[in-house]
Amino acid sequence: CLSLAILCYSNSTVTAQDMDPTDPTYLSVSYMKVKFENQDDYLAMEKAWTKIHKAKLAAGAIKGWSLLEVVSPSGSHVEYNYVTYENLGKNADAAKFMDSPYFPEDWQKLLTEEELALVNRTGELRTLVKNEVWELRDGMYDDNWMDAKIQVCNFFTLPKGTRGRDHYNIEKKYWMPVHKARIADDK
C-alpha cells in the first residue's frame, strides 16, 4: 500500500543501531475504514485524539504515534483507508502498555467540549477493521525519516515451507543493500 502521512509525532527515533532481535520494538497497528461522508469529521476526531496520544507520550506510555491515509489502492472496495501506528517500545515497555489502562488519567480534561464530542463518536465515524501488533526487527532510516510524507508498505505471503527467518535473511542479504543505496542517493 502507498500511504500519506497526516499526523506523526514521537519522542524517540529508531535507527538501525537500535535494532536488537532479542528485544524488538513493538508497534500496535490499527486499520480503519472511513466512509467518504465521514472523512472531515474523522480527521477532526483524530486531531482531537492527538491530545490523548500526546499525554500518553509525555507519560511514557507510548514512544510515538502516526496517522496515515492509504492513497493506493483506493476505491470503495478497499478493506481500509486509514492506518494508525502506536510505537509501544521494547519488551518491557510493550508489556507495561498491555497491562495499563488505555486512557491517561483525567483524559477528558485534555479536550474541549467539541473535541470530547468527536472522540465520543469514534465508533460512529470509522470502523476498526483490525488491529495487529508488529515486531520491528530490523531496518534503516534516513536522518529525516519522520518528516517523510509518503510511506510504502509491502506485505508478503511466504511460500509453503518457508520460515519467517528465511525471508528475513533474504531481505537482509539482498534487499537491505539496495535500500541503503537508495537512501544514500536520496530516492
Side-chain angles (χ1 to χ4, degrees), residues 1-33 45-47 49-70 79-105 107 110 119 122-123 126-158 162-173 175-176 179-180 183:
C1 74
L2 182 64
S3 302
L4 176 66
I6 299 173
L7 300 167
C8 300
Y9 52 86
S10 176
N11 68 356
S12 64
T13 57
V14 178
T15 64
Q17 293 79 21
D18 295 331
M19 301 293 176
D20 177 359
T22 64
D23 192 15
T25 296
Y26 290 89
L27 304 174
S28 176
V29 184
S30 299
Y31 303 83
M32 271 73 68
K33 178 73 170 191
M45 181 266 303
E46 284 290 5
K47 192 170 183 175
W49 267 97
T50 62
K51 290 183 175 181
I52 297 167
H53 295 305
K54 284 181 179 179
K56 291 170 61 174
L57 188 71
I62 61 172
K63 306 301 179 201
W65 178 87
S66 298
L67 168 67
L68 303 144
E69 179 180 6
V70 178
E79 184 180 9
Y80 53 88
N81 50 357
Y82 287 90
V83 178
T84 62
Y85 294 90
E86 278 185 296
N87 181 334
L88 307 181
K90 302 285 189 175
N91 282 327
D93 294 325
K96 183 179 173 185
F97 174 87
M98 297 296 187
D99 289 337
S100 300
Y102 186 80
F103 288 96
E105 195 171 314
W107 66 272
L110 301 169
V119 167
T122 298
R126 59 95 172 115
T127 299
L128 177 61
V129 175
K130 62 183 172 178
N131 185 269
E132 300 173 337
V133 176
W134 294 0
E135 286 184 359
L136 185 55
R137 291 286 178 141
D138 207 343
M140 70 186 74
Y141 304 90
D142 180 86
D143 292 340
N144 302 316
W145 75 274
M146 284 295 291
D147 298 330
K149 298 298 178 202
I150 294 184
Q151 294 184 8
V152 177
C153 307
N154 296 307
F155 296 90
F156 300 95
T157 301
L158 300 179
T162 305
R163 298 172 308 149
R165 176 53 73 187
D166 298 331
H167 179 79
Y168 172 80
N169 289 335
I170 289 170
E171 288 287 329
K172 183 101 174 156
K173 183 176 180 179
W175 287 106
M176 190 171 273
H179 298 310
K180 191 177 282 185
I183 290 171

*asked:* Tell me if the NZ atom of Lys173 is crowded by more than 12 foreign heavy atoms within 6.0 Å.
replied: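 No, because the 6.0 Å sphere around NZ of Lys173 holds 12 heavy atoms or fewer from other groups.
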*asked:* As a quick check of understanding, evaluate side-chain contact (heavy atoms from CB on, under 4.5 Å) for Val70 and Val83, giving each step before the final call.
replied: CA-CA 7 Å; Val70 178; Val83 178; 4.0 Å; yes
*Under 6.0 Å from the six-membered ring centre of Tyr80 and within 45° of its axis: does the NZ or CZ of Lys33 meet both?*
no
Rounded distance (nearest 0.5 Å) linking atom [atom1] of [X] with atom [atom2] of [Y]:
{"X": "Tyr102", "Y": "Ser28", "atom1": "OH", "atom2": "OG", "value": "7.0 Å"}
{"X": "Thr157", "Y": "His167", "atom1": "OG1", "atom2": "NE2", "value": "10.0 Å"}
{"X": "Thr84", "Y": "Met32", "atom1": "OG1", "atom2": "CE", "value": "4.0 Å"}
{"X": "Leu27", "Y": "Leu136", "atom1": "CG", "atom2": "CG", "value": "5.5 Å"}

*side-chain hydrogen bond (donor to acceptor under 3.5 Å, both in side chains) partners of Trp107, counting only residues at least two apart*: none
Restricting to side-chain contact (heavy atoms from CB on, under 4.5 Å), what partner residues turn up for [X], sequence neighbours left out?
{"X": "Thr122", "value": "Met45, Trp49, Val119, Arg126"}
{"X": "Ala94", "value": "Tyr26, Leu88"}
{"X": "Glu105", "value": "none"}
{"X": "Lys172", "value": "Asp138, Tyr168, Met176"}

_For Met98 and Val133: C-alpha separation, side-chain torsions, deciding distance, then whether side-chain contact (heavy atoms from CB on, under 4.5 Å) applies._
CA-CA 11 Å; Met98 297 296 187; Val133 176; 3.8 Å; yes
_Taking Asp93 first and then Lys90, would you say they form a salt bridge - that is, a charged N and a carboxylate O separated by under 4.0 Å?_
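No, this pair does not count.
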*Any donor-acceptor pair under 3.5 Å linking the side chain of Asp166 with the backbone of Thr162?*
no
*List the steps, then state whether side-chain contact (heavy atoms from CB on, under 4.5 Å) holds for Asn87 with Thr25.*
CA-CA 8 Å; Asn87 181 334; Thr25 296; 3.4 Å; yes
*Among all residues two or more places apart in sequence or in another chain, which pass the ring pair (Phe, Tyr, Trp, His ring centres under 6.0 Å) test with Phe97?*
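Expected list: none.
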*Before giving the answer on salt bridge (charged side-chain N to carboxylate O under 4.0 Å, His left out), spell out for Lys63 and Glu86 the whole-Å C-alpha distance, their side-chain angles and the decisive distance to 0.1 Å.*
CA-CA 7 Å; Lys63 306 301 179 201; Glu86 278 185 296; over 6 Å; no
*Consider only side-chain N and O atoms of Tyr82 and Glu46, and report whether a donor and an acceptor are under 3.5 Å apart.*
no
